[in-house]
Student: 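After the structure tokens below, expect a handful of questions from me.
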There are 2 protein chains.
Amino acid sequence: MTPSPRASTTPRKTVKKAAAAEAVVSDNGTAYLETLMGYNASRASQTMVSHFMRGVNQFDLRTVDFSVLSIMAHQPGVTSRQLCQLLNVLPPNMVVLLRDLDKRGLIERTPHPTDGRAMGLSLSTSGKALMKKAEKAASDADAQGTAHLTAAERKTLTRLLQKIYIR
Amino acid sequence: MTPSPRASTTPRKTVKKAAAAEAVVSDNGTAYLETLMGYNASRASQTMVSHFMRGVNQFDLRTVDFSVLSIMAHQPGVTSRQLCQLLNVLPPNMVVLLRDLDKRGLIERTPHPTDGRAMGLSLSTSGKALMKKAEKAASDADAQGTAHLTAAERKTLTRLLQKIYIR
DNA sequence: TATTGTTATACTCTATAACTATA
DNA sequence: TATAGTTATAGAGTATAACAATA
């Protein structure tokens, strides 16, 4: 489907690593897959996440840990359930995630002002210190992963990606 | 970091599902995360993959199965090791993946013409029939997931995503 | 000596069912 | 009756080490 795998505006990178491989392979069989936005988004996500991990692994945080802590930093008092909805994580898995962050002394749980069942989540002092450095590292790594894009391209890409997932 | 969470070109969707939630929450704490290309790409990937799965799950194929079969369709004779490199799958995991596809009669393994260690992989007749329908379903689902983008936006987004992951 | 394919296995991530305390 | 948080556990996905056969 979608017979034109590559438009004229997307000149194929002239063969490069083919030397070590099969030499004459001009198409590696992924031409159709590259017509799918899902495939392209997944591959780009993979690339950016590996950049992220290189930059942030010194803090011993997975992407989901980082996201949880970042939301706590910018929305103190957020509940576990809200984090689950925002980040598409199931409650039982959020429990162990929060337990581990708590063990490390990075977060604080205070009684929710209006809902007796819930707990308000926020960063501890050391959590704030960690995230100040971690967000800097994440932003740097992210910028590094998109360094070959122009500022206008980055802005456009961000806008279009958000158009895909924000409803 | 990166204090301007949203540019003027990206008008915030007026509050909608806030009714059921906390009502007055204008920012949910994800503003910083949304400055990261990695976060945006991951979320968009999530959305597109779920579209894919809705459209393709009738064929009992995961995204990786679909990708493997698609490459076999368009590059018959491809080896297991090449699939591993193209799709970022480790060899031991590719073995069980191929074994399952083989059990279902979707693929054929023929001796590699030049390398006695490797096997050339291709689709069986039923594999071809399946993938003809599956690729149609995948393309339809993918188009559905990007239906609210203009043709120009889809083209731009595809180009920029590939610029991220194709080196 | 390096590489392909493979086995076995450990580890991590994700998902489901069921319980309690409160709304 | 519904929801927030939790426990226990099953299932799926990913990773490492080691081996035989061939390059």
Side-chain angles (χ1 to χ4, degrees), chain A residues 17 19-23 42-43 45-46 49-50 52-53 57 60-68 71-72 75 77-103 107-122, chain B residues 17 19-23 25 42-43 45-46 49-50 52-53 57 60-68 71-72 77-103 107-122:
Chain A
K17 59 162 59 168
E22 292 283 338
S42 296
R43 295 305 302 265
S45 168
Q46 270 188 299
V49 167
S50 78
F52 173 90
M53 291 193 296
N57 79 342
D60 194 24
L61 296 175
R62 299 166 303 165
T63 56
V64 64
D65 300 317
F66 178 86
S67 296
V68 160
I71 293 175
M72 283 186 206
Q75 189 77 274
V78 66
T79 68
S80 172
R81 189 52 66 121
Q82 288 173 327
L83 288 171
C84 287
Q85 290 163 348
L86 288 170
L87 296 174
N88 202 29
V89 174
L90 293 171
N93 301 325
M94 184 61 73
V95 168
V96 309
L97 189 162
L98 293 174
R99 181 192 300 149
D100 291 346
L101 294 178
D102 202 6
K103 280 179 187 166
I107 68 175
E108 284 174 1
R109 314 191 198 210
T110 57
H112 193 280
T114 64
D115 191 333
R117 299 167 299 182
M119 296 289 281
L121 300 165
S122 58
Chain B
K17 58 162 57 169
E22 291 283 338
V25 184
S42 296
R43 296 305 301 264
S45 168
Q46 270 188 300
V49 167
S50 77
F52 172 91
M53 290 193 297
N57 79 342
D60 194 25
L61 295 175
R62 300 166 302 166
T63 56
V64 65
D65 300 317
F66 177 86
S67 297
V68 160
I71 292 174
M72 283 188 207
V78 66
T79 68
S80 172
R81 188 53 66 121
Q82 287 173 329
L83 289 171
C84 286
Q85 288 163 351
L86 287 170
L87 297 173
N88 203 27
V89 174
L90 293 170
N93 302 324
M94 184 62 73
V95 168
V96 308
L97 188 162
L98 293 175
R99 182 191 299 149
D100 291 347
L101 294 179
D102 202 6
K103 279 179 187 165
I107 69 175
E108 284 173 2
R109 313 192 199 210
T110 57
H112 193 280
T114 64
D115 191 334
R117 298 167 301 183
M119 295 290 281
L121 299 166
S122 57

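The sequence lines fix the lettering, A, B, ..., with proteins before strands; numbering per chain opens at 1. All of these numbers come straight from a predicted model, not from anything done at the bench.
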Student: For B:Ile71, which residues count as a side chain to side chain contact (heavy atoms under 4.5 Å, CB included) partner, sequence neighbours excluded?
Tutor: A:Thr30, A:Leu33, B:Gln75, B:Val78, B:Leu83, B:Leu86, B:Leu87

Student: Residues two or more places apart in sequence or in another chain: which of them pass salt bridge (Lys or Arg N to Asp or Glu O under 4.0 Å) with A:Arg62?
Tutor: A:Asp65

Student: Separation of B:Ile107 atom CD1 from C:dG5 atom P, in whole Å?
Tutor: 12 Å

Student: Specify the separation, in whole Å, of atom CG of B:Leu83 and atom P of C:dT4.
Tutor: 12 Å

Student: Using a cut-off of under 3.5 Å, enumerate the N/O to N/O pairs linking the protein to nucleotides 6-10 of chain C.
Tutor:
| unit_1 | atom_1 | unit_2 | atom_2 | d |
| --- | --- | --- | --- | --- |
| C:dT7 | OP2 | B:Arg99 | NH2 | 2.5 |

Student: With B:Pro92, which residues qualify under side chain to side chain contact (heavy atoms under 4.5 Å, CB included), at least two apart?
Tutor: B:Leu90

Student: Measuring from B:Ile107:CD1 to B:Asp102:CG, what's the distance to the nearest 0.5 Å?
Tutor: 4.5 Å

Student: Rounded to the Å, how far apart are A:Leu90 CG and D:dT9 C1'?
Tutor: 14 Å

Student: Detail all sub-3.5 Å separations between protein N/O atoms and N/O atoms belonging to nucleotides 19-23 of chain C.
Tutor:
| unit_1 | atom_1 | unit_2 | atom_2 | d |
| --- | --- | --- | --- | --- |
| C:dA23 | OP1 | A:Gly116 | N | 2.9 |

Student: Atom CG of B:Asp100 and atom P of D:dG11: how far apart are they, to the nearest Å?
Tutor: 17 Å

Student: According to the salt bridge (Lys or Arg N to Asp or Glu O under 4.0 Å) rule, which pairs have a member within residues 112-122 of chain B, sequence neighbours left out?
Tutor: B:Asp115-B:Arg117

Student: How many whole angstroms separate atom CD of A:Gln82 from atom C1' of D:dT3?
Tutor: 13 Å

Student: Quick one: B:Leu87 CG to D:dT14 C1', roughly how many Å, whole number?
Tutor: 15 Å

Student: How many Å lie between NE2 on B:His112 and P on D:dA21, as a whole number?
Tutor: 21 Å

Student: Which residues pass the salt bridge (Lys or Arg N to Asp or Glu O under 4.0 Å) test with A:Arg81, not counting sequence neighbours?
Tutor: none

Student: Whole-Å distance between C:dT14 C1' and A:Met94 CE?
Tutor: 13 Å

Student: A:Ser45: what forms a side chain to side chain contact (heavy atoms under 4.5 Å, CB included) with it, not counting sequence neighbours?
Tutor: A:Val49, B:Ala41, B:Ser42, B:Ser45

Student: The test is side chain to side chain contact (heavy atoms under 4.5 Å, CB included); show your working for B:Thr110 and B:Met119 and say whether it passes.
Tutor: CA-CA 6 Å; B:Thr110 57; B:Met119 295 290 281; 5.7 Å; no

Student: Show me the pairs that pass side chain to side chain donor-acceptor pair (under 3.5 Å) and involve residues 83-101 of chain A, at least two apart or across chains.
Tutor: none

